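Structure, as structure tokens:
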Amino acid sequence: MQTEQVRNIVLVGFMASGKSSVSRALSRRCGWPRVDVDDEIVARAGKPIADIFRDSGEEAFRELERSVVRDLCVDSGRIIAAGGGSFIDEESRSAMLTGGTVFYLSTTPETIHKRVTKGHPNAPVRPLLAGGDPLERIKELLAQRGPAYAQAHHTVETDNLSPDRVAEAILKICGPGLGKNTRSNK
Ligand code: S3P
């Protein structure tokens with residue numbers, strides 16, 4: 001792939017697949033600023049994601065997500081970390097696929113389960129995993145979402161890799177020189 005073809009780097013994948021930490025590692029390495037779709041949603045709504053789900057429901061959340069994704073994807077030279085369900089939504093997925101090079105950070109259900117339940121006491125509340133058996137819910141959602149995630153431009157298996165190693169793998173795919181010539185002045 002030619003470096004100039006990478007307009008934005010877009011990270012997609014299940015909840016807790018490491019999108020935020022990998023986006024930070026990428027930003028440190030290539031100098032592009034990182035933006036987080038969930039953070040932007042929270043800023044626009046003025047409340048946490050769990051409250052948006054509780055007060056207005058998932059469809060209202062997805063609508064907000066669509067408009068944030070649309071706005072972020074028109075810029076260039078950014079690392080965009082997207083929420084786990086955004087790439088499942090057809091409109092958001094299409095905006096990401098045309099607005100950047102999309103990397104799916106693939107993770108097993110067991111790894112995700114470990115990350116959302118153990119050792120991450122401060123992990124943000126994930127409304128879609130609340131209630132019931134979380135591992136079963138993760139498996140079910142991953143199976144539903146697999147066909148959408150498979151449409152990413154690239155897949156990186158992340159189970160045994162640190163965020164820095166994942167960032168290295170992504171930058172290798174993007175090619176040398178990324179971040180030097182392609183960043184917009186915004
Ligand atoms: C969601 C993932 C969350 C957040 C919301 C919905 C999903 O983001 O956007 O809770 O549908 O998978 P993370 O992937 O950053 O946890």
Side-chain angles (χ1 to χ4, degrees), residues 8-27 34-73 78-96 100 102-152 155-159 163 166-167 170:
N8 291 294
I9 293 180
V10 184
L11 304 177
V12 302
F14 205 77
M15 293 167 247
S17 58
K19 298 170 302 262
S20 296
S21 24
V22 171
S23 72
R24 272 188 277 274
L26 277 168
S27 181
R34 63 176 285 275
V35 283
D36 190 297
V37 172
D38 281 349
D39 288 350
E40 184 60 28
I41 292 171
V42 169
R44 288 191 192 181
K47 53 178 151 181
I49 286 175
D51 292 3
I52 305 173
F53 270 75
R54 187 199 57 213
D55 298 344
S56 318
E58 181 172 355
E59 187 39 43
F61 171 80
R62 296 294 168 206
E63 187 49 48
L64 199 47
E65 186 176 60
R66 261 175 232 126
S67 76
V68 167
V69 165
R70 223 182 293 127
D71 293 349
L72 294 181
C73 285
R78 292 166 183 238
I79 315 288
I80 302 173
S86 56
F87 204 61
I88 315 309
D89 180 87
E90 207 177 329
E91 200 180 313
S92 292
R93 182 167 68 246
S94 160
M96 290 188 241
V102 180
F103 291 85
Y104 167 44
L105 307 189
S106 117
T107 338
T108 61
E110 288 73 20
T111 299
I112 292 162
H113 183 243
K114 223 185 292 169
R115 290 183 188 163
V116 296
T117 54
K118 294 176 205 140
H120 290 259
N122 299 322
V125 176
R126 277 145 169 132
L128 292 177
L129 298 181
D133 176 341
L135 182 58
E136 282 314 307
R137 182 77 183 124
I138 291 165
K139 285 182 178 168
E140 184 188 22
L141 273 176
L142 257 182
Q144 280 170 18
R145 293 176 170 191
Y149 287 141
Q151 295 178 53
T155 294
V156 182
E157 311 278 346
T158 66
D159 278 298
V166 178
I170 290 172

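Every number for a ligand or one of its atoms is a count from 1 in the order of the listing. Just so you know, these numbers come straight off a predicted model, no measurement behind them. In this chain, numbering begins with 1 at the start of the sequence shown.
Considering every non-hydrogen atom in both Arg115 and Thr158, the closest pair reads NH2-O, 4.4 Å. Contact detail for Thr107 and Leu142: the closest heavy-atom pair is O-CD1, 3.9 Å. Across Tyr104 and Ala152, no two heavy atoms sit closer than the pair CB-CB, 3.6 Å.
With ligand atoms numbered from 1 in the order given, ligand 1 contributes 7 (C), 11 (O) to contacts under 4.0 Å with heavy atoms of Leu128. Contact atoms of ligand 1 toward Gly83: 8 (O), 9 (O), 14 (O) (distance under 4.0 Å to a heavy atom of the residue). Listed by number with element, the atoms of ligand 1 under 4.0 angstrom from any heavy atom of Ile49 are 5 (C), 10 (O). Close approach of ligand 1 to Asp38 (heavy-atom distance below 4.0 Å) involves ligand atoms 3 (C), 4 (C), 8 (O), 9 (O), 13 (P), 15 (O). The distance from ligand 1 to the heavy atoms of Arg145 drops below 4.0 Å at these ligand atoms: 7 (C), 11 (O), 12 (O). Within the listing of ligand 1, atoms 5 (C), 9 (O) sit less than 4.0 angstrom from a heavy atom of Phe61.
Put simply, part of Lys19 is less than 4.0 Å from ligand 1, judged by heavy atoms.
The closest side-chain heavy-atom distance from Glu58 to Leu128 is below 4.5 Å. For the pair Leu141/Met15, a side-chain contact is recorded, criterion being any heavy-atom separation below 4.5 Å from C-beta on.
At least one N or O atom of Gly85 sits closer than 3.5 Å to an N or O atom of ligand 1. Ligand 1 has no N or O atom lying under 3.5 Å from any N or O atom of Phe53, backbone or side chain.
Sorted by first then second residue, the side-chain hydrogen bond (donor to acceptor under 3.5 Å, both in side chains) pairs that include residues 11-20, not counting sequence neighbours, are Ser20-Asp36.
Side chain of Arg70 to backbone of Ala95: no donor-acceptor contact under 3.5 angstrom is found.
If you look at Ile41 next to ligand 1, there are no close heavy atoms at all, none under 4.0 Å. Looking at Arg62 against ligand 1, only its side chain comes within 4.0 Å, counting heavy atoms.
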For residues 79-89, please give each side-chain donor-acceptor pair under 3.5 Å, one per line with the distance, not counting sequence neighbours.
| residue | atom | partner | partner atom | Å |
| --- | --- | --- | --- | --- |
| Ser86 | OG | Gly83 | O | 2.7 |
| Asp89 | OD1 | Arg66 | NE | 3.0 |
| Asp89 | OD1 | Arg66 | NH2 | 2.8 |
| Asp89 | OD2 | Arg66 | NE | 3.1 |
| Asp89 | OD2 | Glu91 | N | 3.2 |
| Asp89 | OD2 | Ser92 | N | 3.0 |
| Asp89 | OD2 | Ser92 | OG | 3.4 |

